[in-house]
Amino acid sequence: MKAFYTDHFVLPLPAGHRFPMEKYSRLRDLVGTQENIELVEAPPATDTQILYAHDPSYLIKVIEGKLSAQEQREIGFPWSGQMVERSRRSAGATVAAAKTALREGIAANLAGGTHHAYRDTGSGFCVFNDSAIAARTLQKEVSSSLKIAVIDLDVHQGNGTASILQNDESIFTLSIHGENNFPFKKEESDLDLGLPDGCNDETYLRSLADCLDQLDGRFKANCLIFLAGADPHEGDRLGRLKVSKDGMRLRDEMVFQFALDRQLPIAFSMAGGYGKEIESTVDIHFQTIKTALQFQQQY
């Protein structure tokens with residue numbers, strides 16, 4: 001199974017910044033210990049690919065460092081050349097994983113899941129929307145007839161993805177998230193489910209099964225993009241849900257089984273994870289990778 005990484009394109013952040021940049025290199029170190037996983041440096045998303053999902057004036061502002069102080073605050077990162085390169089690579093990794101999955105069944109982006117980026121603005125640690133870029137790139141560069149479902153299981157709603165793809169009937173957006181969590185103004189996905197604070201394994205997994213059934217009934221996907229956020233985990237400081245480590249594994253198994261049963265290629269990204277201990281977040285992400293590997297060998 002191929003896993004595309006970007007962690008060596010480091011985003012310089014001020015001391016004490018709350019974004020857990022270190023989790024990516026730690027995750028790659030663990031993934032590197034596994035047989036049957038090939039680590040591949042992520043290619044950068046091209047301007048053309050980014051423009052499938054983003055406004056040209058926004059892309060120019062990002063590239064040229066002309067984001068206002070307010071726009072940088074909204075993203076949560078100070079602008080730098082490294083920020084631009086890192087964001088390109090993170091999107092490029094999902095594009096590469098999606099193209100690889102079409103051939104090999106499953107492929108991973110060890111970062112990505114930047115679902116708060118809108119067509120013309122960044123937000124919530126997200127500069128470019130990798131899922132929207134990847135979905136549109138597959139349609140433009142592989143086959144215009146591809147129908148793609150984005151299954152977003154980060155604890156925060158995929159508001160940017162929902163907004164960018166709002167009127168696109170060829171891409172289905174599903175978001176299961178904490179109802180009372182960021183973003184406080186939700187967008188309308190094709191299927192949204194907001195969960196209450198403190199939601200446990202049983203409620204979470206039952207809700208996921210129901211949403212996957214609805215997806216299957218409403219949309220015939222040829223390909224899936226899965227945001228496997230670690231932040232529904234009970235140890236997450238921003239998550240507000242109470243899903244156990246076992247519950248997180250069962251979640252991943254349910255999504256990968258859904259894909260395998262229908263022989264759908266699936267590209268997945270790590271998305272959010274802000275554990276009180278960084279180790280717990282890395283552990284959840286690594287569990288997702290190991291689970292994916294078991295399924296990839298069945299394709």
Side-chain angles (χ1 to χ4, degrees), residues 6 11 19 45 47 49-63 67-68 70-77 79 83-84 86-95 97-98 109 111-139 148-194 224-229 231-232 238-239 267-274:
T6 55
L11 185 60
F19 188 76
D47 287 357
Q49 290 169 340
I50 292 167
L51 290 172
Y52 294 145
H54 290 283
D55 192 85
S57 60
Y58 173 62
L59 175 59
I60 290 165
K61 275 198 283 190
V62 172
I63 292 170
L67 294 167
S68 70
Q70 175 56 35
E71 286 171 317
Q72 291 177 62
R73 274 197 299 276
E74 183 67 27
I75 290 171
F77 297 141
W79 185 90
M83 181 196 91
V84 180
R86 162 88 194 182
S87 302
R88 274 192 192 277
R89 298 277 177 168
S90 190
T94 300
V95 171
N109 175 0
T114 47
H115 59 167
H116 299 310
Y118 281 73
R119 180 169 174 75
D120 58 356
T121 186
S123 175
F125 305 139
C126 304
V127 180
F128 301 134
N129 193 305
D130 63 310
S131 299
I133 290 167
R136 290 261 171 87
T137 298
L138 288 185
Q139 292 176 330
I148 299 157
V150 179
I151 299 173
D152 189 338
L153 303 186
D154 188 279
V155 82
H156 305 106
Q157 195 215 23
N159 56 334
T161 315
S163 174
I164 291 170
L165 301 173
Q166 193 122 50
N167 300 310
D168 189 336
E169 292 183 357
S170 67
I171 304 173
F172 190 98
T173 51
L174 161 59
S175 179
I176 302 178
H177 49 264
E179 182 60 37
N180 303 315
N181 214 319
F182 178 90
F184 302 109
K185 177 185 176 291
K186 307 287 193 280
E187 299 291 345
E188 195 175 327
S189 311
D190 291 303
L191 178 56
D192 280 299
L193 182 64
L224 304 175
I225 295 173
F226 170 32
L227 286 73
D231 42 12
L238 303 181
F268 68 102
S269 60
M270 296 299 98
Y274 308 91

task: Work out which heavy atom in Asn109 is nearest to a heavy atom in Ala111; give both atom names and the distance.
output: OD1-N, 2.8 Å
message: Looking at Asn181 and Gly239, would you say the former's side chain and the latter's main chain have a donor-acceptor pair under 3.5 Å?
response: yes
- request: Would you tell me whether Asp152 and Ser175 have side-chain atoms, one donor and one acceptor, within less than 3.5 Å of each other?
  value: no
Heavy-atom pair of closest approach, residues Ala134 and Ile225: CB-CD1, 4.1 Å
Side chain to side chain, Leu227 and Ser131, heavy atoms closer than 4.5 Å: yes
query: Would you say His54's side chain and Ile133's backbone share a donor-acceptor pair under 3.5 angstrom?
result: no
query: More than 12 non-hydrogen atoms from neighbouring residues, nucleotides or ligands closer than 6.0 Å to CD on Gln70, yes or no?
result: yes
query: Could you give the distance from OG1 (Thr161) to OH (Tyr118), rounded to the nearest 0.5 Å?
result: 9.5 Å
task: Indicate yes or no: at least one non-hydrogen side-chain atom of Val150 is less than 4.5 angstrom from one of Leu174.
output: no
query: Parallel under 30°, tilted from 30 to 60°, perpendicular over 60°: which one fits the rings of Phe268 and Phe226?
result: tilted
query: Charged N to carboxylate O under 4.0 angstrom, Lys61 versus Asp55?
result: no
message: Under a 4.0 Å threshold between the charged nitrogen and the carboxylate oxygen, would Glu187 count as salt-bridged to Lys185?
response: yes
Heavy-atom donor-acceptor pair, Glu74 side chain to Glu71 backbone, under 3.5 Å: no
message: With a 4.5 Å cut-off on side-chain heavy atoms, are Glu179 and Asp192 touching?
response: no
message: On a heavy-atom basis, which atom in Val127 and which in Ala117 lie closest, and how many Å separate them?
response: O-CB, 3.5 Å
query: Sub-3.5 Å donor-acceptor pair from the side chain of Arg136 to the main-chain atoms of Ala53, do we have one?
result: no
field: Nearest-0.5 Å distance, OG of residue Ser269 to NE2 of residue His115
entry: 9.0 Å
- prompt: Ignoring hydrogens and geometry, is there a side-chain-to-backbone donor-acceptor pair from Gln157 to Gly178 under 3.5 Å?
  reply: no
query: Taking all non-hydrogen atoms of both residues, which atom of Thr114 and which atom of Ser90 are closest, and how far apart?
result: CG2-OG, 4.5 Å
query: In Å, rounded to the nearest 0.5 Å, how long is the span from CD of Gln166 to CD1 of Ile171?
result: 13.0 Å
message: Just checking His116 against Phe182, ring centres under 6.0 Å apart?
response: yes
- request: Tell me, with the steps shown, if Tyr58 and Leu51 meet side chain to side chain contact (heavy atoms under 4.5 Å, CB included).
  value: CA-CA 10 Å; Tyr58 173 62; Leu51 290 172; over 6 Å; no
- prompt: Rounded to the nearest 0.5 Å, how far apart are CG of Leu59 and CD1 of Ile50?
  reply: 5.5 Å
field: Under 3.5 Å: donor-acceptor pair, side chain of Asp231, backbone of Val155
entry: yes
message: I'd like to know if the side chain of Arg86 reaches the main chain of Thr6, judged simply by a donor and an acceptor atom lying under 3.5 Å from each other, with no hydrogens or angles considered.
response: yes
- prompt: Between the side chain of Asp130 and the main-chain N/O of Thr94, is any donor-acceptor distance below 3.5 Å?
  reply: no
task: Verify whether one side chain among Asp190 and Thr173 offers a donor that lies under 3.5 Å from an acceptor in the other.
output: yes
query: Between Met270 and Asp154, is any pair of side-chain heavy atoms under 4.5 Å apart?
result: no
NZ on Lys186 to CG on Asn159, rounded to 0.5 Å: 8.5 Å
message: Quick check: do Gln139 and Ile148 have side-chain heavy atoms less than 4.5 Å from each other?
response: yes
- request: Run the numbers on Leu165 and Phe172 for side chain to side chain contact (heavy atoms under 4.5 Å, CB included), then give the verdict.
  value: CA-CA 8 Å; Leu165 301 173; Phe172 190 98; over 6 Å; no
field: Closest non-hydrogen atom pair, Phe128 against Val62
entry: CZ-CG1, 3.8 Å
query: What's the verdict on side chain to side chain contact (heavy atoms under 4.5 Å, CB included) for Leu224 and Ile151, showing C-alpha distance, side-chain angles and the deciding distance?
result: CA-CA 7 Å; Leu224 304 175; Ile151 299 173; 4.2 Å; yes
- prompt: Going by the angle between their ring planes, with limits at 30° and 60°, are Phe19 and Tyr274 parallel, tilted or perpendicular?
  reply: perpendicular
message: Side chains of Phe77 and Leu11, heavy atoms from C-beta outward: is any pair under 4.5 Å?
response: yes
